[in-house]
2 protein chains.
Amino acid sequence: MHKIYYPYEEFKEDLKTLTGKIDQPFDAILGIARGGLSMAQMLGEYYDLRQVYALNTIGYDGTEKKESVEVFNIPDLHSAKQVLVVDDIVDSGDTLIEVLDVLNEKYPEVTLLTASIFYKKTACMKPTWYVKEPKGWVEFFWSEDLKG
Amino acid sequence: MHKIYYPYEEFKEDLKTLTGKIDQPFDAILGIARGGLSMAQMLGEYYDLRQVYALNTIGYDGTEKKESVEVFNIPDLHSAKQVLVVDDIVDSGDTLIEVLDVLNEKYPEVTLLTASIFYKKTACMKPTWYVKEPKGWVEFFWSEDLKG
């Protein structure tokens with residue numbers, strides 16, 4: 001697949017676009033590690049929210065086609081009403097679906113909103129807000145810029 | 001205090017400097033939110049570690065001079081041997097000291113290493129590795145770049 005380098009400057013502009021689209025309130029931001037961490041930090045600063053959390057996922061190849069996803073290090077969301085769950089890219093959508101399932105089960109009273117920079121139309125779920133579709137394999141600055 | 005804008009390009013170069021200094025192994029990275037999140041993400045990519053975690057702190061002004069710090073959303077570190085705790089800046093050092101105390105108490109078998117971009121010589125503790133001293137009030141790109 002065609003590789004496309006995604007620089008910080010584009011990320012910054014895309015986050016500005018994203019904040020222009022986000023039209024519902026939230027009182028906490030939850031970044032899916034690793035991909036959503038920088039995004040969670042910058043959005044936390046922008047919205048002046050100190051409630052910026054992270055969780056972890058591991059994907060396992062199942063015996064059948066479907067990948068299974070384990071979600072762990074779930075933060076305490078008892079004092080939150082609406083949580084914005086963020087990730088860099090919604091690709092298959094498997095990770096985001098599983099994260100929402102686990103959070104919904106643990107915190108049924110919390111409203112979950114979702115945002116990503118990239119979203120593939122073939123994904124099994126669409127985030128509440130996203131910026132654009134990837135035109136190839138995205139090589140994010142955070143994975144490229146310390147090389148060499 | 002003199003304000004100094006800290007752009008992404010400088011952050012990137014400083015992280016390269018930091019990775020050149022880090023000379024001990026670790027199997028997990030723990031970013032102190034919010035300041036340490038981007039750093040944790042980029043170092044996780046660089047060291048090819050998926051064990052990139054976060055925790056939260058809140059500082060309270062005590063009745064006396066000393067600030068007290070509450071540490072929460074502590075990730076599960078049972079499978080880690082050495083953990084690199086990262087934050088953008090070690091200013092007073094109060095946050096880092098409290099984080100290390102809490103982690104040492106909960107995970108006495110885990111070796112804790114620490115790294116920051118900035119370190120003030122007046123801080124009550126020095127990170128294992130750091131890049132430089134701040135020459136004023138640092139305005140990080142992640143808190144400035146989405147404004148306006």
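Chain letters run A, B, ... following the sequence lines, proteins first, then strands; residues in each count from 1. The structure displayed is predicted, hence computed values, not measured ones. FYI, side chains are in, hydrogens and waters are out, and symmetry mates aren't considered; it's all heavy atoms of this structure.
- Linking Ile, Leu, Val, Met, Phe, Trp and Tyr whenever their side-chain heavy atoms come within less than 4.5 Å puts A/Trp142 and B/Tyr6 in one cluster.
- A/Leu100 and A/Tyr130 fall within a single hydrophobic cluster, where Ile, Leu, Val, Met, Phe, Trp and Tyr side chains are chained together by heavy-atom contacts under 4.5 Å.
- Contact count against chain A (heavy-atom pairs under 4.5 Å) is highest for B/Asp145 among B/Ile58, B/Asp145, B/Ile74.
- Applying the ring-ring contact (aromatic ring centres under 6.0 Å, His included) criterion to B/Phe141, with sequence neighbours excluded, gives A/Tyr8, B/Tyr8, B/Phe11.
- For residues 75-89 of chain A, a heavy-atom distance under 4.5 Å to chain B picks out A/Pro75, A/Asp76, given by residue number.
- Cluster annotation: A/Val131 is connected to A/Leu15 through the hydrophobic network of ILVMFWY side chains, with a link wherever side-chain heavy atoms come within less than 4.5 Å.
- Side chain of A/Gln41 to backbone of B/Gly35: a donor-acceptor contact under 3.5 angstrom is found.
- Qualifying salt bridge (Lys or Arg N to Asp or Glu O under 4.0 Å) partners for B/Lys132, counting only residues two or more places apart in sequence or in other chains: B/Glu10, B/Asp14.
- Atom CG of B/Leu146 sits about 7.0 Å away from atom NZ of A/Lys16, to the nearest 0.5 Å.
- Between chain B and the options A/Ile29, A/Leu37, A/Leu43, the largest number of non-hydrogen pairs under 4.5 Å is found for A/Leu37.
- Transitive grouping of hydrophobic side chains (ILVMFWY, heavy atoms separated by less than 4.5 Å) keeps B/Tyr119 and B/Leu18 in distinct clusters.
- Atom CD of B/Glu133 has more than 12 heavy atoms from other residues, nucleotides or ligands within 6.0 Å.
- Contacts between residues 45-55 of chain B and chain A, defined by a heavy-atom separation under 4.5 Å, are made by B/Glu45, B/Tyr46, B/Asp48, B/Leu49, B/Arg50, B/Val52, B/Tyr53, B/Ala54.
- We find the CE-CD distance between A/Met42 and B/Glu144 to be 10.0 Å, quoted to the nearest 0.5 Å.
- Tracing side-chain contacts under 4.5 Å through hydrophobic residues (I, L, V, M, F, W, Y), one reaches B/Leu30 starting from B/Val71; they form part of the same cluster.
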